[in-house]
Student: 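One structure follows; several queries about it will come next.
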Amino acid sequence: MVNTKPTGTSFLPEETLERCEKGNPTEKVKLAVDPVNAWVDIYEYARKIREGEMTWKDMEKADIDTRVKYVGMLHRNKRTPGQFLMRLKVPNGIVNSDQMRFYADSVEKYGAVNGVVDITTRANIQLRGVKLEDAGDIIDGLHARNQTSFQSALDSVRNMVGSPLAGIDDHELVDTRVLCNAVNDLISMDPETETRGNPQWANLPRKFNIAISGSRDDFAHTHINDIGLQPCVHAETGEMGFNVVLGGFMSIKRVAESVDSGMWIKADRESVVTFCEAILRIFRDESERKDRQKARLMWLVEKYGVEDFKKAVIAEVKSYDRGVEIFDEQPRPTEKFERRELLGVHPQKQVGKVRVGIMVPAGRLSATECRQMADLAEKYSDSEIRLTVEQNAILPNVAEDDVYELLKEPTLNGDSRFRVNPGFIEGNVVSCTGAEFCSLAMIETKSNAEAMGKKLETLVTIDRPIRIHWTGCPNSCGQVQAADIGIMGGPARKMNEETGKMMAVPGCKIFVGGRIGEDAHLSLEPYKTGIPIDDESLLPELVEILKAEFGAVDKK
Ligand code: SRM
Ligand code: SF4
């Protein structure tokens with residue numbers, strides 16, 4: 001098979017190409033062999049490995065570490081050499097039971113430890129343990145189910161986050177489903193061939209995050225995305241649209257809350273797609289190619305200045321001549337609004353239907369649990385499952401009359417890890433991948449997060465949900481700065497009882513006071529540092545914070 005598509009690099013203007021040539025090592029790899037070739041080459045690797053012509057070890061470093069990321073495959077070299085995670089694209093976090101069963105079938109053969117499925121902090125799916133020889137079949141299976149893993153990692157636009165309550169919410173301002181799908185297609189669907197993989201957006205300077213919020217709850221976390229669309233009515237015309245915030249991101253070097261762009265766009269497909277396309281074009285061609293730590297959109301917006309960036313976007317949109325207009329930012333609603341909960345049973349706008357939010361501890365699903373979730377969806381929610389950025393699941397459109405039976409299901413009770421009404425602490429735990437699979441991690445996260453959440457439930461009583469996020473390193477995939485309490489892997493020391501000397505142990509920094517929703521705020525400075533992650537140090541520390549900052553009381 002030969003890749004007949006234009007390459008990602010071929011879309012870059014001369015001046016950008018020159019900067020890529022002088023750019024960082026990733027840019028040089030992307031220039032040497034265009035990574036979009038991986039969309040085709042992956043089948044060739046799979047065939048050759050299956051037929052014994054090569055093993056994964058024969059792959060070039062640039063291929064295994066960089067290029068195959070364009071098919072969403074990340075080699076877990078330190079933890080599981082020869083095995084990959086495969087990151088999908090799940091626009092608006094909506095999956096169905098057939099897809100869930102396919103995930104289970106795909107990973108099961110890799111065993112109970114390595115062959116698992118994770119719900120990510122972008123309401124997305126990662127399949128774990130995948131071997132190269134199986135990759136082509138899995139990709140074909142995904143494409144047959146209208147999903148893809150292409151353009152989900154490295155310098156790509158990441159999963160489109162929308163509202164998990166799209167279409168079922170009586171407080172909805174915009175149904176984000178069609179918009180998330182449209183932007184997802186812009187990014188990853190080749191307009192010529194209508195097959196997955198769009199080279200036009202395949203050589204970006206860095207990752208790029210887009211979130212479209214559907215209500216005042218901002219379930220999509222617009223303030224930590226490169227483009228965040230916040231629904232808001234136009235004050236004069238009464239039309240529904242979005243105020244645009246730009247540049248939110250988290251990284252080792254800098255964590256930044258997005259800034260108001262001064263722009264408002266209509267909430268229709270053409271406006272949203274055109275607007276995202278314009279910003280992506282400017283970002284792709286103009287953003288930093290040398291220092292990867294300065295290549296996210298915020299740095300470019302700051303280089304322009306917000307006003308000039310707005311002018312550049314307006315000019316770009318105008319140049320497409322599609323009749324799309326950009327308006328000045330509109331006044332945000334001021335009436336009191338309370339952010340709603342996603343876990344538990346809640347009414348929908350459809351009379352007689354409810355949504356049922358289910359805790360999936362730390363977002364981790366075994367193959368069996370994927371099938372259990374699929375069974376529940378087939379029985380109660382017309383086969384549909386919504387994923388959330390809190391790494392949980394929602395069954396939409398459950399008939400009110402069936403709720404009693406649903407809540408009695410063995411998979412939501414007893415030894416099962418799923419719960420519909422978990423405690424306020426354990427139900428709101430979020431965790432990045434951590435040391436189990438991620439080589440950048442300084443600590444183990446998911447198992448600690450799940451266990452610590454359970455222990456805290458036995459120690460304190462609290463009257464509202466408390467979001468405890470875990471992240472294994474300062475990249476903050478677990479978004480600790482947005483959490484009520486954020487635990488980030490970091491250095492710590494502890495006395496060695498045997499030697500009487502201080503020794504390095506797995507530790508953390510603790511962040512307190514991040515907020516989400518309309519009143520979003522990132523907590524940038526750590527509240528405490530150097531805390532060992534164990535029951536003698538971290539657990540009492542968390543109990544103290546819960547009592548001092550969140551009104552928890554000791555459990556009687
Ligand atoms: Fe992330 C890199 C996992 C959401 C910021 N992230 C990584 C890598 C690929 C590192 C690696 O090569 O091992 C991690 C793969 C570990 C693994 O085995 O799973 C990884 N990131 C994740 C996921 C799976 C965490 C999770 O358990 O949910 C999330 C996948 C989302 C998705 O479906 O696409 C994930 N990462 C995030 C988020 C949160 C978000 O998007 O809201 C952030 C902060 C927001 C942001 O990007 O601005 C995030 N990840 C990073 C960064 C820092 C980016 C930067 O600009 O410097 C890195 C490092 C990098 O890109 O160089 C990173
Ligand atoms: Fe890995 Fe660090 Fe991201 Fe956790 S935060 S998944 S440890 S890169």
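Indexing begins at 1, ligand by ligand and atom by atom, following the structure's order. Atom set for the values below is all heavy atoms of this structure, side chains included, hydrogens, waters and symmetry mates excluded.
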Student: Quick check: Ser476 and ligand 1, any N/O pair under 3.5 Å apart?
Tutor: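 In fact, backbone or side chain, Ser476 has no N or O that close.
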Student: Tell me, which protein residue and heavy-atom name are nearest atom 29 (C) of ligand 1, and how many Å apart are they?
Tutor: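 For atom 29 (C) of ligand 1, the nearest protein heavy atom comes out as Thr121 OG1, 3.6 Å.
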Student: What are the two closest heavy atoms between Asn428 and Ile466, and how far apart are they?
Tutor: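 Smallest interatomic distance, heavy atoms only, reads CB-O, 3.3 Å.
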Student: Can you confirm, on distance only, whether ligand 1 has an N/O atom lying under 3.5 Å from any N/O atom belonging to Gln126?
Tutor: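 Yes, at least one N or O pair falls under 3.5 Å.
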Student: Relative to the heavy atoms of Leu85, which atoms of ligand 1 are at a distance of less than 4.0 Å?
Tutor: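 Selected atoms, number and element: 17 (C), 18 (O), 19 (O).
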Student: Quiz question: by atom type and distance under 3.5 Å, do the side chains of Gln147 and Tyr103 form a donor-acceptor pair?
Tutor: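 On atom types as modelled, these side chains qualify, holding a pair under 3.5 Å.
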Student: Write down the atom of Met452, the atom of Leu539, and the distance for their closest heavy-atom approach.
Tutor: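 Nearest heavy atoms, Met452 then Leu539: SD-CD1, 3.4 Å.
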Student: Do Phe283 and Phe208 have their ring centres less than 6.0 Å from each other?
Tutor: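 Yes, the ring centres sit under 6.0 Å apart.
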Student: Check if Arg292 has a non-hydrogen atom at a distance under 4.0 Å from any atom of ligand 1.
Tutor: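 So Arg292 does not count as touching ligand 1.
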Student: Do any heavy atoms of Ser431 fall under 4.0 Å from ligand 1?
Tutor: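 So Ser431 counts as touching ligand 1.
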Student: Which atoms of ligand 1 are found less than 4.0 Å from any heavy atom of Cys438?
Tutor: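 Atoms satisfying the 4.0 Å criterion: 13 (O), 16 (C).
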Student: Consider every N or O of Arg158 and every N or O of ligand 1, then say whether any pair is closer than 3.5 Å.
Tutor: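 Checking ligand 1 against Arg158, no N or O pair falls under 3.5 Å apart.
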Student: Under 4.0 angstrom from ligand 1, any heavy atom of Cys432?
Tutor: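 Yes, that is the case, since the closest heavy atom of the residue is under 4.0 Å from the ligand.
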Student: Is Asn124 in polar range of ligand 1, meaning some N or O pair under 3.5 Å apart?
Tutor: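 Such a contact does occur with ligand 1.
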Student: Does the protein put a heavy atom under 4.0 Å from atom 8 (C) of ligand 1?
Tutor: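 Looking at atom 8 (C) of ligand 1, one finds that no protein heavy atom lies closer than 4.0 Å.
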Student: Say whether Lys253 and ligand 1 are in contact under the criterion: heavy-atom distance to a ligand atom below 4.0 Å.
Tutor: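 Lys253 does not count as a contact of ligand 1 under the 4.0 Å cut-off.
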Student: Return the closest protein heavy atom for atom 13 (O) of ligand 1 as residue, atom name and distance.
Tutor: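 In this structure, atom 13 (O) of ligand 1 has Arg76 NH1, 2.8 Å as its nearest protein heavy atom.
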Student: Quick one: look at Asp118 and ligand 1, take heavy-atom pairs under 4.0 Å, and tell me if it's side chain, backbone, both or neither.
Tutor: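 No part of Asp118 comes within reach of ligand 1.
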Student: Give the contacting part of Val389 toward ligand 1: side chain, backbone, both or neither, where contact means a heavy-atom distance below 4.0 Å.
Tutor: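 Within the 4.0 Å criterion, Val389 makes no contact with ligand 1.
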Student: What about Arg206: any of its N or O atoms under 3.5 Å from an N or O on ligand 1?
Tutor: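 Yes, Arg206 has an N/O under 3.5 Å of an N/O on ligand 1.
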Student: I'd like to check which ligand 1 atoms, numbered from 1 as shown, lie under 4.0 Å from a non-hydrogen atom of Arg128.
Tutor: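 Counting from 1, the qualifying ligand atoms are 17 (C), 18 (O), 19 (O).
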Student: Would you name the heavy atoms of Asp137 and Phe102 that are closest together and state the gap between them?
Tutor: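 For Asp137 and Phe102, the tightest heavy-atom pair comes out as O-CZ, 4.3 Å.
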Student: Any heavy atom of Gln391 sitting closer than 4.0 Å to ligand 1?
Tutor: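 Yes, that is the case, since the closest heavy atom of the residue is under 4.0 Å from the ligand.
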Student: Would a line drawn from the ring center of Phe150 to the ring center of His143 be shorter than 6.0 Å?
Tutor: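 Between Phe150 and His143, the centre distance is under 6.0 Å.
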Student: May I ask you to list the protein N, O or S atoms found at less than 2.8 Å from atom 3 (Fe) of ligand 2?
Tutor: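 Within the sphere that stays under 2.8 Å of atom 3 (Fe) of ligand 2, the protein atoms of type N, O or S are Cys477 SG.
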Student: State whether the shortest distance between N or O atoms of Met250 and N or O atoms of ligand 1 falls below 3.5 angstrom.
Tutor: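 It does: an N or O of Met250 is found under 3.5 Å from an N or O of ligand 1.
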Student: Does the side chain of Asn203 pick up a donor-acceptor pair with the side chain of Arg289 at under 3.5 Å?
Tutor: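 Side chains of Asn203 and Arg289: pair found under 3.5 Å.
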Student: How far is atom 63 (C) of ligand 1 from its nearest protein heavy atom, and which residue and atom name does that atom have?
Tutor: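 Of every protein heavy atom, Cys477 SG, 3.8 Å lies nearest to atom 63 (C) of ligand 1.
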